[in-house]
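As the structure is a computational prediction, the values presented were derived from the model and not from experiment.
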Amino acid sequence: MSCFHLFTKALRQNQSRNRTAFSFLLSRSFSHQSERHSFGIAFDIDGVILLGNAPVGGSPAALSRLYDGTGRLRIPYVFLTNGGGYPEAKRALELSQLLGINVTTSQVLQGHSPFKRLVDRFENEFVVAVGKGEPAAVMSEYGFKNVLSIDEYASFFENIDPLAPYKKWTTKLPAVQSAKFNEGARRNDVFSERVKAAFIVSDPVDWSRDIQVLCDILKTGGLPGRNVGPQPHLYFANDDLEYQTAFPSERLGMGAFRIAFESIFNRSHHHSLEFTSFGKPHPSVFKNAEIVLQQLVPPLHEDPYNNAQSFKTFYMIGDNPAVDIRGARQTGHPWFSILTRTGVFKGKGNHDKFPADLVVDTVEQAVDYILTKECAS
């Protein structure tokens with residue numbers, strides 16, 4: 001073989017290697033760019049992801065598509081729910097077990113999560129926490145140092161609940177919570193220290209007792225059985241009238257409790273009830289979700305020189321038009337609302353008063369739409 005042919009063969013081999021290397025680097029570049037997604041997703045839980053404790057709408061399969069083959073999160077998402085009653089870490093563990101994925105604490109945004117912002121104001125003040133689950137534990141996790149559940153608080157006042165003898169159930173207090181209280185407070189403190197604020201952390205269980213005790217606290221300035229005084233602060237984690245569970249029709253939520261309590265309070269007191277509600281559909285909740293979604297990006301992409309992420313779209317996937325869709329619409333750009341038919345909404349078309357940008361049957365269809373749209377754009 002001549003030198004010219006040897007040179008030509010070597011040149012072709014070198015060009016081939018260069019093209020292969022260039023193609024590899026180009027694919028790596030495009031792959032890295034494609035992983036830097038310009039969107040984030042917020043999922044409601046009840047009626048979208050779960051009905052009771054059972055997954056619905058293909059939610060495990062839908063959520064698994066947001067992870068890579070090693071189980072590493074590749075698309076930022078959060079659970080944005082008005083529900084609650086348990087610390088975010090405990091709820092994240094429960095969701096992980098029910099759905100077969102790894103949910104981190106930072107991905108769980110509950111109705112009472114905004115209460116964290118009130119710690120500076122009430123950190124050392126005497127406050128009462130109301131609701132199912134572990135309301136006092138939730139508040140203690142946030143940094144409130146002098147908090148009692150309404151179960152504990154009511155137990156100190158004999159005859160405060162006239163219907164107690166007729167109630168067949170008993171409330172067992174968490175051992176850690178009770179031990180903490182016994183160390184940090186005494187019976188005399190409850191009778192002498194005014195309650196500065198009441199927090200409705202989750203759906204109340206015993207409406208008759210809770211309305212009675214809250215009226216006692218709020219009418220008297222924080223000391224039941226005493227003279228009338230200025231109303232302590234009152235905060236609701238959400239104002240949901242209804243929500244979806246495993247039962248076929250919707251169940252009354254915290255908003256229904258608020259309506260009942262407010263009506264009774266206003267009829268029995270010379271001042272109207274003053275309160276603050278959090279949760280969806282308030283735009284502040286969606287703005288906070290935007291911040292959390294952006295904070296999820298750096299762990300996904302180990303790039304110390306370019307951690308800033310510009311999101312072009314935030315997707316809200318919910319089942320309640322008056323809460324999920326209304327909130328996304330009020331917050332505005334760049335939120336895109338998707339309404340599912342697995343929960344509160346079961347209509348054939350769109351919702352008349354709060355129409356979504358897209359209506360689908362299930363959360364699996366919603367995720368499929370998002371991934372198809374974003375990958376094609």
Would you say the side-chain atoms of [X] and [Y] include a donor-acceptor pair closer than 3.5 Å?
| X | Y | answer |
| --- | --- | --- |
| S249 | R251 | yes |
| K219 | S268 | yes |
| T104 | Q107 | yes |
| Y142 | E88 | yes |
| S208 | D210 | no |

I want to check a possible cation-pi pair here: K373 against F336, using under 6.0 Å from ring centre and within 45° of the ring axis as the test.
yes
Atom of R74, atom of R65 and distance for their closest heavy-atom approach
NH2-O, 2.9 Å
Heavy-atom closest contact (G225 atom, T220 atom, distance)
N-CG2, 4.2 Å
Going by the side-chain hydrogen bond (donor to acceptor under 3.5 Å, both in side chains) test, name the single residue among E193, E123, K196 that passes it with N146.
E193
Out of the candidates F236, Y86, Y235, F115, only one should pair with V201 under the side chain to side chain contact (heavy atoms under 4.5 Å, CB included) rule; please name it.
F115
Return yes when atom NZ of K346 has more than 12 non-hydrogen atoms of other residues, nucleotides or ligands closer than 6.0 Å, and no otherwise.
yes
Using 0.5 Å steps for rounding, measure from the CD atom of Q244 to the CG atom of L51.
6.0 Å
Which word best sums up how the rings of Y77 and F79 line up, parallel for under 30°, tilted for 30 to 60°, or perpendicular for over 60°?
perpendicular
Let's go through F39 and F311 carefully: what are the C-alpha distance in whole Å and the side-chain angles of both, what is the deciding distance for ring-ring contact (aromatic ring centres under 6.0 Å, His included) to 0.1 Å, and is it a yes or a no?
CA-CA 5 Å; F39 67 97; F311 283 84; 8.0 Å; no
